[in-house]
Amino acid sequence: MKTYSLTAVLPLFPAEPLLSPIYNFITHMQPYHFPVLLIVPAIGIDLVLMRSKKMNKWLLAGLLAVVFLLLFVPAQWYFAEFLQTEAARGWFFGRSSWAYMTPPDSFIRYNFHPEYVDTGWSLVKGLLITLPIAVLSSRIGLSWGNWMKQVKR
Amino acid sequence: MGQLDETGKKMIRNNINFLFGILALAYLSMSHVGSPGVIFEGMMGEYRVLANVAPPDVIPGIAIVSVILPDNPEGIQLEARPVYWSAGLQGTPTADVLKPVLGEPGKYEGELWFMQMGASSVQLILTKGPDRFEAVVPIMAMPTAQKDMPKELGMVLTGLGVFLVILLVTIFASAMGDSIRQPGEARNPKGQRKRVMGTAVGAVVVGLLLWGGKAWWDAEARLYNERLYQPFSGTSTWVEKTDGNYLHLKVDSTELTYGAITRQLSYMVPDHGKLMHLFLIRKNELDVFAHLHPKRIDSLNYKVQLPPLPAGAYHVFADITRYTGFAETIVSELIIPESTNFQLASNRIVQLGRDDTYTFSNPVGNKPLLLDGDIMVCGKPGIKTDLPGGYSAIWETETGKFEAGRLYSLDFALFDAYGQAAQLESYLGMMGHAVVLKHDGSVFIHLHPTGTYSMGSQQMLLERFETGKTGFGNLPGKLTFLDSVDRVVAYLDALPDATRDSLLMGDMQHLPYIDAEHEDHSMVRFPYAFPQPGDYRIWIQVKINGEIINGAFDVEVI
């Protein structure tokens, strides 16, 4: 919500670049990027946690990692594709955002940079690397939450 | 396009590098050697303007612009703004006002940010009432220095860092050892153990953070290093042919890490009608000087016929300018062997280009510079040098003393054999050329009465601004461009002097400065600030009676 407020509020203020060179002639502050859809896996994780109070913590961390990836990757993937479309260019999604020092007709303005798009094996490999990291961070998160509940002073 | 986007991203990172860098480690410089400051002299409206720009040595970085109006007019406003070749006038923000310097009437100063690498300029704007005058001073915005953190700041930051590490580890220890104990309850051995464990975990976590930070920082420093301006390396060789001796200059562009378009050699354009101005100066003695104009074989190879020069090691400085406004100097060394046919070479009539010239002067010695009390020009003492053909030149200087970093006007008066003012003609479109060399070769610059910048570069910037084009798309093809430039140079070479000079002068938009004090003799003046103390030799080149006349002067800068 906090980051979204930067997407929504910043462009309401007028501004002009005062440094050279200027390629993109902007007249107002540029919106922050639309926040990533963490809300989707968060709902899934909450649902899992509500039903698995007694589960082994490492097993639970593994389950949470899988749930996170299964929900977050497709949700953000398709949402990101939507953000590149013309429909997302209005005030709400803030996709008009573009720095003054980069040419506005740049080919990556409304496209993913070809170097940053993974498909096939490199995509699978990336996800396979992500999984153990997600397990580990879930496990740390569980311990952290557990500790937070017990903090007395 | 991709290049620019990349620049944008790197810019933010470079910003961080810049913020922490204060001291210069390495010092390189382009466009000229060892003389980073850019000096401009010209007329803006009715006012004579002298501008001295210290370009940024890191990008993004600050250029310091100081402007002197010797007449100190009232009611004027001076502004400046950085204009990039790539972005043009419309891609430049509103100008910053240059503020008058207290205690120095007629002097104005200001700072300008240069955010991206590339050929750029400082646009000066003088307004007086409804009148507005503009001038463009070319600046090569390239990082030339990697800076180091000052020791004092490093010590303070290290102290604060250690304090933060202790605090963070303590937080870990307390979180694990004490946080879940009831308030008021005594610490038990189990809690104590957890505390120790917390210290260990905290130390490991903080250690990992620091290691990651160091790796990131080093990667940034490496990236910045790759972007540092690297001059082209050139190799000059002496080639003996049946029709004479040649210098062959081969430029190596393979080490170019940045500026594939901006520093493209195929985009070379003529400056003063010549594609390349090559200066040969014999090392150590500095007694032999030649100003030649090599022909292009291809974009990496250049050749020129050599005048009969004595054997020895020579400094070779080749000045070039490009369509993108980027001017620089290619430095190399030439060895002329103790030739068996030197005698032969000097007997042979050498067909030098009509603008090519060479001169011999006395070797530099340790003799101190003495003002000749008998020589007075306009009531000022001077240093006299006899020139070939009975001509003489007097360097007018009030004290004969020069300080490094101060802007001077180097004034030379030219006389003919009868002591009368010599009639100066235009040599390559200018009333005079000068070359300044520090004895050890670490400073080299090719000066004109208009200043230290490349006039070809200025012309390219002005023409580009006029077109209103931006970005690096839609540039001319490299091969066709190279061909048409060769054709233009050949056309200029074939023109008679007068036609060519009017063509070259007309292009350069410089206004003659008429000095009432010096009406009775021919003066040529070069604005310059010696960048560092040391011994310098200055060659001036003028054209009198259709002949190119060279003279050398020595000066010690303190």
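Source: prediction; values computed, not measured. Per chain, numbering begins at 1; letters A, B, ... match sequence-line order.
The shortest non-hydrogen separation linking B/S86 to A/Y23 is OG-OH, 2.6 Å. Residue A/F25 comes nearest to B/Q90 through the heavy atom pair CE2-O, 2.9 Å, listed as atom of the first residue, atom of the second, then distance.
Contacts with chain A (heavy atom to heavy atom, under 4.5 Å) involve these residues of residues 168-186 of chain B, listed by number: B/A175, B/D178, B/S179, B/I180, B/R181, B/Q182, B/P183, B/G184.
Dense packing is recorded around CZ of A/F112, with more than 12 heavy atoms of other residues, nucleotides or ligands lying under 6.0 Å away. More than 12 heavy atoms of other residues, nucleotides or ligands shown are found within 6.0 angstrom of CH2 on A/W147. When the shell of 6.0 Å around CD of A/Q150 is examined, it contains more than 12 heavy atoms from other residues, nucleotides or ligands. Open room surrounds OH on A/Y32; 12 or fewer heavy atoms of other groups in view lie less than 6.0 Å from it. Under a cut-off of 6.0 angstrom, the local environment of NZ in A/K152 is crowded, with over 12 non-hydrogen atoms contributed by other residues, nucleotides or ligands. Annotation for A/H28: atom NE2 counts as buried by contact number, over 12 foreign heavy atoms lying within 6.0 Å. When the shell of 6.0 Å around CD1 of A/I39 is examined, it contains 12 or fewer heavy atoms from other residues, nucleotides or ligands. Atom CG of A/N111 has more than 12 heavy atoms from other residues, nucleotides or ligands within 6.0 Å.
Looking at A/S20, its side chain does come within 3.5 Å of a backbone N or O of B/P82 through a donor-acceptor pair.
In this structure the side chain of B/T94 reaches within 4.5 angstrom of the side chain of A/L18, judged on heavy atoms. In this structure, the side chains of A/M101 and B/M115 stay at 4.5 Å or more apart for every pair of heavy atoms.
In this structure, CG on A/L19 lies 13.5 Å from CZ on B/R81, to the nearest 0.5 angstrom.
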